[in-house]
Amino acid sequence: MLKLFRATAILEGISYLLLFGFSMPLKYWADIPEPNKVVGYAHGGLFILFVVIAGMFCWERKWSIKRFLILFISSLLPFGTFYADKKYLQPLG
């Protein structure tokens, strides 16, 4: 489950950066909304998957709710999932 969680964290982080660094500027500055829809759906799905897997992973490892909240908040911040991977997930692998 660790490999799946780490992969999801990295993909969610990349999709977040693509959404706000690539597709949103295209939508609002270049009036090209199509990529935003695709990247937005991908990011939304990966975000939900990240939160679900984080909950399952914390439950499996008997981690505290505090650690789950740290992981959850990391998914809301740019580069946050990369930080969470390095700080909380790499030492396990």
Side-chain angles (χ1 to χ4, degrees):
M1 180 170 236
L2 177 62
K3 286 183 182 182
L4 174 65
F5 188 31
R6 288 189 68 206
T8 304
I10 297 302
L11 289 174
E12 197 275 337
I14 291 169
S15 73
Y16 191 171
L17 295 175
L18 282 174
L19 181 65
F20 289 103
F22 174 71
S23 69
M24 293 293 267
L26 281 177
K27 179 179 180 179
Y28 291 108
W29 295 342
D31 200 30
I32 305 171
E34 292 81 15
N36 194 51
K37 193 171 193 174
V38 173
V39 175
Y41 280 130
H43 172 67
L46 287 166
F47 171 77
I48 292 169
L49 186 62
F50 176 85
V51 172
V52 168
I53 292 174
M56 291 171 31
F57 193 76
C58 289
W59 181 269
E60 178 185 276
R61 300 275 173 153
K62 299 188 183 350
W63 283 357
S64 67
I65 190 75
K66 179 183 174 185
R67 187 161 291 185
F68 170 77
L69 289 174
I70 290 169
L71 292 171
F72 176 74
I73 291 169
S74 76
S75 70
L76 301 175
L77 303 172
F79 301 101
T81 56
F82 303 116
Y83 169 79
D85 178 57
K86 186 166 182 78
K87 172 107 176 152
Y88 296 103
L89 305 178
Q90 278 186 0
L92 300 175

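Heavy atoms only: backbone and side chains are in, while hydrogens, waters and symmetry mates are out.
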Phe47 and Thr8: CA distance, side-chain angles, deciding distance, side chain to side chain contact (heavy atoms under 4.5 Å, CB included) verdict: CA-CA 9 Å; Phe47 171 77; Thr8 304; over 6 Å; no
Side chain to side chain contact (heavy atoms under 4.5 Å, CB included) between Asn36 and Met24, intermediate numbers included: CA-CA 6 Å; Asn36 194 51; Met24 293 293 267; 3.2 Å; yes
Residue pair Phe57, Leu4: steps toward the side chain to side chain contact (heavy atoms under 4.5 Å, CB included) verdict: CA-CA 10 Å; Phe57 193 76; Leu4 174 65; over 6 Å; no
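Although no hydrogens or angles enter the test, the distance criterion places no donor-acceptor pair under 3.5 Å between the side chain of Tyr16 and the main chain of Phe79.
Here the side chains of Lys27 and Glu34 are not in contact, with every heavy-atom distance at 4.5 Å or above. Put simply, the side chain of Asp85 reaches to within 4.5 Å of the side chain of Gln90, judged on heavy atoms. The shortest side-chain heavy-atom distance between Ile65 and Phe72 does not fall under the 4.5 Å cut-off.
By the criterion of side-chain heavy atoms lying less than 4.5 angstrom apart, applied directly or through intervening Ile, Leu, Val, Met, Phe, Trp or Tyr residues, Trp29 is not grouped with Val38; the two fall into different hydrophobic clusters. Trp59 and Val52 end up in different hydrophobic clusters when Ile, Leu, Val, Met, Phe, Trp and Tyr side chains are linked at under 4.5 Å. No path of Ile, Leu, Val, Met, Phe, Trp and Tyr side chains, each step under 4.5 Å between heavy atoms, connects Ile14 with Leu77, placing them in separate hydrophobic clusters. In the hydrophobic clustering of this structure, Val39 groups with Ile32; members are Ile, Leu, Val, Met, Phe, Trp, Tyr whose side-chain heavy atoms approach within less than 4.5 Å, directly or through other members. There is a path of hydrophobic side-chain contacts, each under 4.5 Å, that joins Leu49 to Leu2.
Going from atom CZ of Phe82 over to atom CD1 of Ile10 covers 5.5 Å, rounded to the nearest 0.5 Å. Of the inter-residue distances, the one linking Leu89 atom CG with Leu71 atom CG reads 6.5 Å to the nearest 0.5 angstrom. Atom-to-atom distance recorded for Met56:CE and Met1:CE is 3.0 Å, nearest 0.5 angstrom. Separation of atoms OG (Ser15) and OH (Tyr41) is listed at 15.0 Å; rounding is to 0.5 Å. The CD1 atom of Ile53 sits 13.5 Å away from atom CZ of Arg6, with the distance rounded to the nearest 0.5 Å. The distance from atom CG of Leu11 to atom CG of Leu46, rounded to the nearest 0.5 Å, is 6.0 Å.
Aromatic rings from Phe5 and Phe50 are positioned such that their centres are separated by under 6.0 Å.
Sorted by first and then second residue, the side-chain hydrogen bond (donor to acceptor under 3.5 Å, both in side chains) pairs involving residues 63-84 (not counting sequence neighbours) form an empty list.
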